[in-house]
Amino acid sequence: MGIHLQQAISVGQYLVSQRLKGRKRYPLVLMLEPLFRCNLACSGCGKIQHPKEILKQNLSPEECFAAVEECGAPVVSIPGGEPLLHPQIDEIVEGLIKRKKFIYLCTNGLLLEKSLDKFQPSSYLSFSVHLDGLQELHDQCVDRQGVFKKAVSAIRAAKARGFRVTTNTTVFEGTDPKEIQDLFDFLTDIGVDGMMVSPGYSYEWAPNQDRFLRKEQTRALFKEILAPYNDGKKGWQFNHNPLFLDFLTGQKDYDCTPWGSPSYSVLGWQKPCYLLNEGHYKSFKELLEETEWDNYGAKSGKPECVDCMVHCGYEPTAAQDSLQPKNMARSFSSLFG
């Protein structure tokens, strides 16, 4: 099973309730960034490019809970930086579980194994481990040798102790599709609970700007990567709505719903997407009401948005589309394989 059944039911109820209330824009996943510090310097990420005074800051548990309650999204992704560097990450996770939020704690895996004692297995908690390829490719992507082995060791340890573990993989320009297919085979063999995958798209502060994909490149690459899965030859379990995978391969044409994955950090509420460096609002209400949403997304013609197909903008669109009767059977396939 890719997506946890309890989560799927809860999210489905949430989507229906928002539609019944007549709401056009509502969050699905809150990207809660409690710090920007990291113990790696990945070429496709620019979070550690923030000034030192920003890198020293942490969100308090109380600030995290206030943002989660203000936003109301049923799913909370905790990226960073590296969240396990936060001195109170266990308090944050415990508080979110008490609020019955489905949590994806995103980690590069370096600190995961020795941090497991801080947490208890829960149907609301998943560790999402970053792996962009098998050993050689992944260590190259994160610019440090030995990270892949350490991350895999942490995955095995977490699974042995009853934790739910997923992975997240970013695919960049020039990636060999066979390399990603082999990664999916390997992750399936070691028993991960689901895999997330997304194309790399230009993040302004990322050190390496040469490896990001354009839209037609994305469609061609993912069509090749996912061919064995779509042909029924591979039973890979993805932690995605399958409609999003259809979008990646060009079978669906969606527009971005950037309000579906708002981002909150030590700087406030991102305007309106974490890939764009346009400033921050003080409240989620301001974000929803003051953003000119028609100025964003591929259909807007905004140059920065034209080629973007990143999951944080398009998975919420796929989730909304899953409520259409013609798409329900396809969506249920993510629950039962």
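In this text, all values refer to a predicted model and were calculated from it rather than measured experimentally.
With respect to the salt-bridge test (charged N to carboxylate O, under 4.0 angstrom), the residues Glu82 and Arg37 do not qualify. With salt bridges taken as basic N to acidic carboxylate O contacts below 4.0 Å, one links Arg219 and Glu216. Taking 4.0 Å as the cut-off between side-chain N and carboxylate O, Lys159 and Asp193 count as a salt-bridged pair. Classification of Glu286 and Lys282 as a salt-bridged pair fails, no side-chain N sitting under 4.0 Å from a carboxylate O. A salt bridge links Asp117 to Arg161: one of the charged nitrogens lies within less than 4.0 Å of a carboxylate oxygen.
Of the N and O atoms on the side chains of Gln320 and Thr257, not one donor lies less than 3.5 Å from an acceptor on the other residue. Under 3.5 Å, the side chains of Tyr296 and Glu278 contain a donor-acceptor pair of N or O atoms. A donor atom on one side chain and an acceptor atom on the other are not found under 3.5 Å apart for Gln88 and Ser60. The closest side-chain donor-acceptor pair between Asn168 and Tyr104, if any, does not fall under 3.5 angstrom. No side-chain donor-acceptor contact under 3.5 Å links Thr169 and Asp132.
Contact detail for Pro74 and Val11: the closest heavy-atom pair is CG-CG2, 4.2 Å. Taking both residues in full, the closest heavy atoms of Ala73 and Leu30 are given as CB-N, 3.8 Å, listed atom of the first, atom of the second, then distance. Nearest heavy atoms, Cys71 versus Pro27: O-CG, 3.4 Å. Considering every non-hydrogen atom in both Gln251 and Thr249, the closest pair reads NE2-OG1, 2.9 Å. Between Gly80 and Glu33, the shortest heavy-atom distance links the atoms O-OE2, 3.5 Å.
Separating the CD atom in Glu70 from the CZ atom in Phe284 is a distance of 7.5 Å, to the nearest 0.5 Å. In this structure, the separation between OG on Ser322 and CG on Asn241 is 5.0 Å, given to the nearest 0.5 Å. Met309 contributes atom CE, which lies 5.5 Å from atom OG1 of Thr218 (distance to the nearest 0.5 angstrom). For the atom pair Ser283 OG and Glu290 CD, the distance stands at 7.5 Å (nearest 0.5 Å). Interatomic distance, CZ of Phe163 versus CZ of Phe119, reported as 7.5 Å (0.5 Å rounding). Between the CD1 atom of Ile225 and the CG atom of Leu183 there is a distance of 10.0 Å, given to the nearest 0.5 Å.
Side chain of Asp90 to main chain of Lys118: no donor-acceptor pair is present (N/O by atom type, distance under 3.5 Å, no hydrogens or angles). Panel note: side chain Gln217, backbone Arg214; a donor-acceptor pair is recorded below 3.5 Å. Between the side chain of Ser153 and the backbone N or O of Lys149 there is no donor-acceptor pair closer than 3.5 Å. Side-chain atoms of Ser198 come within 3.5 Å of backbone N or O of His311 as a donor-acceptor pair. Not one N or O on the side chain of Thr170 forms a donor-acceptor pair closer than 3.5 Å with the backbone of Pro199. Not a single donor-acceptor pair under 3.5 Å links the side chain of Asn58 to the backbone N or O of Leu35. Between the Asp139 side chain and the Gly146 main chain, a donor and an acceptor come within less than 3.5 Å of each other. In this structure, the side chain of Thr291 does not engage the main chain of Leu288 through any donor-acceptor pair within 3.5 Å.
The neighbour count for Lys223 NZ, taken as heavy atoms of other residues, nucleotides or ligands under 6.0 Å away, does not exceed 12. A 6.0 Å sphere centred on CD of Glu292 holds no more than 12 heavy atoms belonging to other residues, nucleotides or ligands. Counting non-hydrogen atoms of other residues, nucleotides and ligands closer than 6.0 Å to CD of Gln120 gives a total of 12 or fewer. In Gln6, the CD atom is crowded: over 12 heavy atoms of neighbouring residues, nucleotides or ligands sit closer than 6.0 Å.
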Subject >> Candidate pair Gln237 and Thr188, rule side chain to side chain donor-acceptor pair (under 3.5 Å), full reasoning >> reply: CA-CA 8 Å; Gln237 295 296 313; Thr188 299; over 6 Å; no
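Annotation: salt bridge (Lys or Arg N to Asp or Glu O under 4.0 Å) contacts of Lys299 (sequence neighbours excluded): none.
Figure legend: Arg164 and Phe127 shown without cation-pi pairing, the cationic atom not lying both under 6.0 angstrom from the six-membered ring centre and within 45 degrees of its axis.
The aromatic rings of Phe102 and Tyr124 sit tilted, their planes meeting at an angle between 30° and 60°. Ring pair Phe244/His240 is tilted by interplanar angle, where 30° to 60° counts as tilted. Classified by interplanar angle (parallel below 30°, tilted 30° to 60°, perpendicular above 60°), the ring pair Trp236/Tyr229 is parallel. The aromatic rings of Phe247 and Tyr314 lie parallel to each other, with less than 30° between the two planes, well short of the 60° mark.
The aromatic ring centroids of Phe148 and Phe186 lie less than 6.0 Å from each other.
Pairs passing the side chain to side chain donor-acceptor pair (under 3.5 Å) check and including a residue from residues 9-20, sequence neighbours excluded, read Gln18-Arg23.
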